[in-house]
Amino acid sequence: MNQVAITIICVDDDMTVLNSLKIELENNFGEQYIIELAQDGEEALEIFAELMDNGYEIPVVISDYIMPGMKGDELLRCIHAISPKTLKIMLTGQADIEAMGNAINYANLYRYISKPWHDKDLVLTVKEAINSYFNEKALADKTTKLLKINRELERLNQAFSRFVPKQFLKLLNKSSIAEIELGDAVQQNMSILFADIRDFTKLSEKMTPNENFKFINSYLSCMEPAIIENGGFIDKYIGDAIMALFPESADDAVKAGIGMLSALNEYNQHRQSVGYPSVKIGIGINTGLLMLGTVGGKSRMDGTGIGDAVNLASRVECLTKDYGVSLLITQQTFDLLQDANLYALRLIDRVQVKGKSELVTVYEVFETDPPVIREAKLANKTKFEEAWLLYNQASFQAAAQLFQYCLNQNPGDRVAQIYLKRCQNNFNNRLNPATCNCG
């Protein structure tokens, strides 16, 4: 007998018919299968249910039509509801067209054999039914395995997408991470966003390694949604720093930066409610040409964006510390905004950053400043930019007066404070030029 018992059930109210069926089937299938007999539908259902509960395979049920109580088509319909894969054979000389139709439509009747049956016809039909049952079962098992494999592959792809963003694969024209090879690259204009926590070393010094780890993950989880929701993807995490890329537009990057700062405000409210200090960050955005691709070696590679535009975005983020602001963008990003008037921003400076010979123009985006400060900066914008022009024309005294005006209206304007001090220093140097005593 097989490891799993396999059974054929025969149902007929005539015991002579049942015995004949049993002899015929045992002569041909007796070494492989158990032949069970039932004299009515109710008994057949009890046997069927008991065998199913005990793990038996029941590939075929052979049933008469006219029986006391439950008729054959009703029995086969009940069996189909329990085990749709079991094949049903109706063996009768009295079934009408309606009964046959019911058996075919509702019980998935495999074959009808009229009484008296021909031995070879019966044996061949049962053999074909058994083969069909196990072929279908094997196909179903294979399909189940394939579905399981596909689900596992989908799960792995989802897991890999957390390490290699789908947008990265799409930009490289790859459908799967398995297609990625070292050196794959594409050149494209993008907006690059760098974000970094201010004074992270001081924060981390007060935390255990475990607390540090939890803090980083809670902070990064807070920042991620604004990037994803605005069409960007995270290129990499560098400790507490984030580098994100925006392939579509400069507006996406600026909106993401604003969204990150808004999320940070909510994050800080929660931190303050449980007695933790607030977190401050700086965000720098630049737009330009970069190479996006894979770098590394045979055993370990990484996907990243490389180019002067990337380096400049990082430098601009560093400038946020010098100016005491949260978000700076370059002229290249400003020029590609669909409508700069949609944002609360102002021109800040033209500076020479490390590694760049040309001056870089930067703008402050102060959309998420506290309402009072934001409104004051907007109200002073014209005066501030007029003062900035005078400063760059070396009209330091006139510029100082306007910067002082801005500070009177908004004492917390860190940039106006910086420029006022610069004006005073330059003006004093003019009044007291250095002397050279050469002997």
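Scanning both residues, Lys85 and Ala140, for their nearest heavy atoms gives NZ-CB, 3.5 Å. The minimum heavy-atom distance linking Ile6 with Pro59 is given by the pair CG2-CD, 3.6 Å. Here the shortest heavy-atom pairing between Gly239 and Leu220 reads O-CD1, 4.3 Å. Scanning all heavy atoms of the two residues, the minimum distance from Val325 to Val415 falls at CG1-CG2, 3.7 Å. Contact between Cys222 and Ala263 at its shortest, heavy atoms only, is SG-O, 3.6 Å. Heavy atoms only, all atoms of each residue included: Ala376 and Gln409 are closest at CB-O, 4.3 Å.
The 12-atom threshold is exceeded at NZ of Lys236, counting heavy atoms of other residues, nucleotides or ligands nearer than 6.0 Å. No more than 12 heavy atoms of other residues, nucleotides or ligands lie within 6.0 Å of CD in Glu50, so this atom counts as exposed by the packing criterion. In the displayed structure, Tyr237 atom OH is contacted under 6.0 Å by more than 12 heavy atoms of other residues, nucleotides or ligands. For Tyr276, the OH atom is loosely surrounded, since the number of other residues' heavy atoms within 6.0 Å does not exceed 12. Within a 6.0 Å radius of NZ in Lys280, no more than 12 heavy atoms belonging to other residues, nucleotides or ligands are found. Within a 6.0 Å radius of CD in Gln352, other residues, nucleotides and ligands contribute more than 12 heavy atoms.
Using a 4.5 Å heavy-atom threshold, the side chains of Leu51 and Glu36 count as touching. Looking at heavy atoms from C-beta onward, Leu402 lies out of side-chain contact with Tyr391 at the 4.5 angstrom threshold. Proximity of Phe48 to Val61: side-chain heavy atoms (C-beta onward) are separated by under 4.5 Å at one or more points. Contact annotation: the side chain of Ile285 never approaches that of Phe194 to less than 4.5 Å [non-hydrogen atoms, C-beta and beyond]. Under the 4.5 Å side-chain criterion, counting only non-hydrogen atoms from C-beta, Ile35 is in contact with Cys10. Between Tyr267 and Ser218, the closest side-chain pair of non-hydrogen atoms falls below 4.5 Å. A 4.5 Å side-chain heavy-atom check between Thr320 and Ile283 finds every atom pair outside the cut-off. Between Leu289 and Gln187 the shortest side-chain heavy-atom distance falls below 4.5 Å.
For the pair Ser262 (side chain) and Ile258 (backbone), a donor-acceptor distance under 3.5 Å is present. Judged purely by atom type and a 3.5 angstrom limit, Asp252 has no side-chain atom pairing as donor or acceptor with the backbone of Glu248. Under the 3.5 Å distance criterion, the side-chain polar atoms of Asp235 are matched with a main-chain donor or acceptor of Gly305. A donor-acceptor pair is defined here as one N or O able to donate and one able to accept, closer than 3.5 Å; no such pair exists between the side chain of Asn54 and the backbone of Tyr56. The backbone N or O of Ile348 lies less than 3.5 Å from a partner atom in the side chain of Tyr419, making a donor-acceptor pair. At least one donor-acceptor pair closer than 3.5 Å links the side chain of Asp251 to the backbone N or O of Gln338. In this structure a side-chain-to-backbone donor-acceptor pair under 3.5 Å is missing from Asp199 to Lys202. With Thr7 contributing its side chain and Ile58 its backbone, the two residues share no donor-acceptor pair below 3.5 Å. Checking side-chain atoms of Asp240 against main-chain N and O of Ile197 turns up a donor-acceptor pair under 3.5 Å.
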What do the steps show when you test Tyr343 against Phe366 for ring pair (Phe, Tyr, Trp, His ring centres under 6.0 Å), and what is the final call? CA-CA 8 Å; Tyr343 308 98; Phe366 52 90; over 10 Å; no
Given the rule in the side-chain hydrogen bond (donor to acceptor under 3.5 Å, both in side chains) test, do Gln272 and Ser278 qualify, once you have shown the distances and angles that lead to the verdict? CA-CA 7 Å; Gln272 290 169 0; Ser278 295; 2.4 Å; yes
I would like to know whether Leu290 and Gln188 meet side-chain contact (heavy atoms from CB on, under 4.5 Å); could you show each step before the answer? CA-CA 6 Å; Leu290 59 80; Gln188 186 167 329; 5.6 Å; no
Would Gln417 and Asp413 count as a side-chain hydrogen bond (donor to acceptor under 3.5 Å, both in side chains) here? Give the steps. CA-CA 6 Å; Gln417 292 174 359; Asp413 191 338; over 6 Å; no
Going through the checks in order, is the side-chain contact (heavy atoms from CB on, under 4.5 Å) test met by Ile329 and Leu337? CA-CA 11 Å; Ile329 66 173; Leu337 295 176; 4.2 Å; yes
Show your working on side-chain contact (heavy atoms from CB on, under 4.5 Å) between Leu261 and Ile281 and close with a plain yes or no. CA-CA 8 Å; Leu261 291 171; Ile281 67 172; 3.8 Å; yes
Criterion side-chain contact (heavy atoms from CB on, under 4.5 Å) on Phe200 and Asn212, from CA distance to verdict: CA-CA 10 Å; Phe200 177 67; Asn212 228 315; 3.5 Å; yes
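With Tyr110 as the aromatic partner, Lys88 does not meet the cation-pi criteria of under 6.0 angstrom to the ring centre and within 45 degrees of the ring axis.
Considering Thr144, Ile149, Thr143 as possible partners of Leu147, the one that fulfils the side chain to side chain contact (heavy atoms under 4.5 Å, CB included) test is Thr143. For the salt bridge (Lys or Arg N to Asp or Glu O under 4.0 Å) with Glu367, the qualifying choice from Arg374, Lys255, Arg346 is Arg374, the only one to do so. Partner Leu193 forms a side chain to side chain contact (heavy atoms under 4.5 Å, CB included) with one of Met243, Met260, Glu317 and no other, that one being Met260. Under the ring-ring contact (aromatic ring centres under 6.0 Å, His included) rule, Tyr363 has a single partner from Phe334, Tyr323, Trp388, which is Phe334.
To the nearest 0.5 Å, atoms OH (Tyr405) and CG (Asn410) are separated by 11.5 Å. Rounding to the nearest 0.5 Å places CG of Leu37 at 8.5 Å from CD of Glu43. Here the CD-OG distance, from Glu57 to Ser83, works out to 8.5 Å after rounding to the nearest 0.5 Å. With rounding to the nearest 0.5 Å, the separation of CD in Glu364 from CG in Leu345 is 9.0 Å. Put simply, CZ on Phe29 and CD1 on Ile34 are 15.0 Å apart, with the number rounded to the nearest 0.5 Å. Once rounded to the nearest 0.5 Å, the distance linking OG of Ser249 with CE of Met190 reads 12.5 Å.
For Phe233 and Phe246, the distance between ring centers is not under 6.0 angstrom.
For the pair Arg77 and Asp73, the salt-bridge criterion is not met [side-chain N within less than 4.0 Å of a carboxylate O]. A salt bridge does not link Lys206 to Glu211: none of the charged nitrogens lies less than 4.0 Å from a carboxylate oxygen. For Asp369 and Lys377, the salt-bridge test passes: some basic side-chain N is under 4.0 Å from an acidic carboxylate O. The existence of a salt bridge linking Asp349 and Arg422 is confirmed by a sub-4.0 Å separation between a basic side-chain nitrogen and an acidic carboxylate oxygen.
Under the 3.5 Å distance criterion, with hydrogens and angles disregarded, no donor-acceptor pair is assigned to the side chains of Gln269 and Asn265.
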